Amino acid sequence: QSDIRYHQLSASDRISLRSSAATWAMMDDLNEEDSKHLARQIAWLNSHGPDDWHRVALDFNWDGPLYVLDWIVRQEDCDMATALTIFWKGEPAYWIDDAQSSDEEPNGFSYLNRKLCTYIAGRIGQRGYKRSKIGFAPDAWTKQSFDELVDMESALSQPRFRTHRDLLRRCRGRRVTNDPDFYSRYPAEFHDTVLVEPPGLDFRSFRSIAHWKYIEVCAKLRRLVFNR
């Protein structure tokens with residue numbers, strides 16, 4: 001199982017990867033098969049737009065190398081909501097303290113995760129994500145994580161990146177999700193999750209369920225009344 005670097009890829013594969021970060025020159029943690037798989041995936045992303053990039057980020061399995069996410073967040077048309085989604089899924093609190101990173105070998109996992117969070121925080125701080133057409137609403141967990149991140153930054157003499165209020169920004173826009181149409185267009189070899197659709201209910205089934213729920217509620221009410 002031989003390692004392969006960027007300069008060893010075919011010309012067509014290099015074209016697919018050309019707009020990626022300079023850190024991709026250290027792709028020696030990918031074997032030849034994985035590198036070609038990545039090139040095909042980037043080629044697909046190149047032929048689609050920011051909405052599908054967002055869907056790919058939602059589908060992504062963080063147990064694998066993060067090169068695809070790195071490519072997405074560095075695109076000029078990457079949506080603000082996509083960048084925020086990736087940033088918070090990347091658990092930035094683990095990476096803001098740079099004390100342990102100096103001796104780390106470059107790789108597509110923890111090393112690139114740190115690079116991702118640093119890049120996104122810096123670009124957001126400079127208002128570098130101009131596209132904002134997808135909705136993003138920070139939940140309670142995200143708000144708590146932001147507060148913790150601010151506290152960690154203030155306690156560090158040299159944090160890896162700076163927090164910015166826009167990291168908690170609420171973005172108004174369309175709701176972009178992974179639906180059957182996306183999975184029919186997105187090649188199966190790149191799928192990291194499985195779409196499971198609940199079975200549909202016809203009116204007769206719905207009425208039957210509602211009938212038994214009604215009986216169940218009435219029984220509970222009777223027990224409450226007569227057992228007081």
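From a predicted model like this one, the values you see are computed outputs, not experimental measurements. Below, each value reflects all heavy atoms present in this structure, side chains not excepted, and no hydrogens, waters or symmetry copies. In this chain, numbering begins with 1 at the start of the sequence shown.
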Under 3.5 Å, side-chain donor or acceptor atoms of residues 81-94 against the rest of the protein: list the pairs with distances, not counting sequence neighbours.
residue : atom : partner : partner atom : Å
T82     : OG1  : H54     : ND1          : 2.8
T85     : OG1  : A81     : O            : 2.7
W88     : NE1  : L167    : O            : 2.9

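For R162, the salt bridge (charged side-chain N to carboxylate O under 4.0 Å, His left out) partners are E153, not counting sequence neighbours. The side-chain hydrogen bond (donor to acceptor under 3.5 Å, both in side chains) search around E76 returns none, not counting sequence neighbours. With sequence neighbours left out, the side-chain hydrogen bond (donor to acceptor under 3.5 Å, both in side chains) criterion links D52 to R55, R185. For D166, there are no side-chain hydrogen bond (donor to acceptor under 3.5 Å, both in side chains) partners at least two apart in sequence or on another chain.
You'll find the side chain of K133 stays beyond 4.5 Å of the side chain of D51, heavy atoms only. Counting only heavy atoms from C-beta outward, the side chains of F182 and V56 approach each other to under 4.5 Å. Between I134 and C171, every side-chain heavy-atom pair lies at or beyond the 4.5 Å cut-off. A 4.5 Å side-chain heavy-atom check between W95 and R160 finds every atom pair outside the cut-off. The closest side-chain heavy-atom distance from E189 to R40 is below 4.5 Å. Side-chain contact check for N113 versus C117: some heavy-atom pair is nearer than 4.5 Å. Annotation: side chain of P138 is not in contact with side chain of F146 (no heavy-atom distance under 4.5 Å). In this structure the side chain of R74 reaches within 4.5 angstrom of the side chain of Y119, judged on heavy atoms.
Under a hydrophobic clustering in which Ile, Leu, Val, Met, Phe, Trp and Tyr are joined whenever their side-chain heavy atoms come within less than 4.5 Å, directly or via other members, L45 and L116 fall into the same cluster. Using a 4.5 Å cut-off between side-chain heavy atoms of Ile, Leu, Val, Met, Phe, Trp and Tyr, with links allowed through other members, M152 and L168 fall into the same hydrophobic cluster. I72 and V176 sit in two unconnected hydrophobic clusters of ILVMFWY residues. Membership requires side-chain heavy atoms under 4.5 Å apart, directly or through other members. When the side chains of ILVMFWY residues are joined at heavy-atom separations under 4.5 Å, either directly or via intervening members, L66 and F161 end up in a single hydrophobic cluster. Put simply, V73 and L58 are part of two different groups of oily side chains (I, L, V, M, F, W, Y) that touch within less than 4.5 Å, one to the next.
Using a distance-only test at 3.5 Å, with no hydrogens or angles considered, no donor-acceptor pair links the side chain of R114 to the main chain of F109. Checking side-chain atoms of H48 against main-chain N and O of W53 turns up no donor-acceptor pair under 3.5 Å. The backbone N or O of E105 sits less than 3.5 Å from a side-chain atom of N107, completing a donor-acceptor pair. Distance alone, capped at 3.5 Å, places no donor-acceptor pair between the Y129 side chain and the I120 backbone.
Between the NE2 atom in H191 and the CG atom in N178 there is a gap of 9.0 Å [rounded to 0.5 Å]. To the nearest 0.5 Å, atom OG of residue S154 and atom CG of residue D151 are 5.5 Å apart.
Counting non-hydrogen atoms of other residues, nucleotides and ligands closer than 6.0 Å to CZ of R172 gives a total of 12 or fewer.
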- prompt: Taking it one step at a time, do I124 and M80 satisfy side chain to side chain contact (heavy atoms under 4.5 Å, CB included)?
  reply: CA-CA 8 Å; I124 286 179; M80 178 72 164; 4.0 Å; yes

Candidate pair T193 and Y183, rule side chain to side chain donor-acceptor pair (under 3.5 Å), full reasoning: CA-CA 10 Å; T193 58; Y183 282 107; 2.7 Å; yes

message: Between R127 and H164, is the side chain to side chain contact (heavy atoms under 4.5 Å, CB included) condition met? List the steps.
response: CA-CA 10 Å; R127 291 180 167 82; H164 190 280; 4.2 Å; yes

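The two residues L156 and I96 make their nearest non-hydrogen contact at CD1-O, 3.7 Å. Here the shortest heavy-atom pairing between N61 and D192 reads N-OD2, 3.0 Å. The two atoms that bring Q75 and R123 nearest to each other are O-NH2, 3.1 Å, heavy atoms only.
The pair R131-D77 does not count as a salt bridge, with every side-chain nitrogen at least 4.0 angstrom from each carboxylate oxygen.
The six-membered or imidazole ring of W44 lies near that of Y186, with a centre-to-centre distance under 6.0 Å.
Pairs of residues two or more places apart, or lying in two chains, that qualify as side-chain hydrogen bond (donor to acceptor under 3.5 Å, both in side chains) and include a residue from residues 135-150 are D139-T142, Q144-E148.
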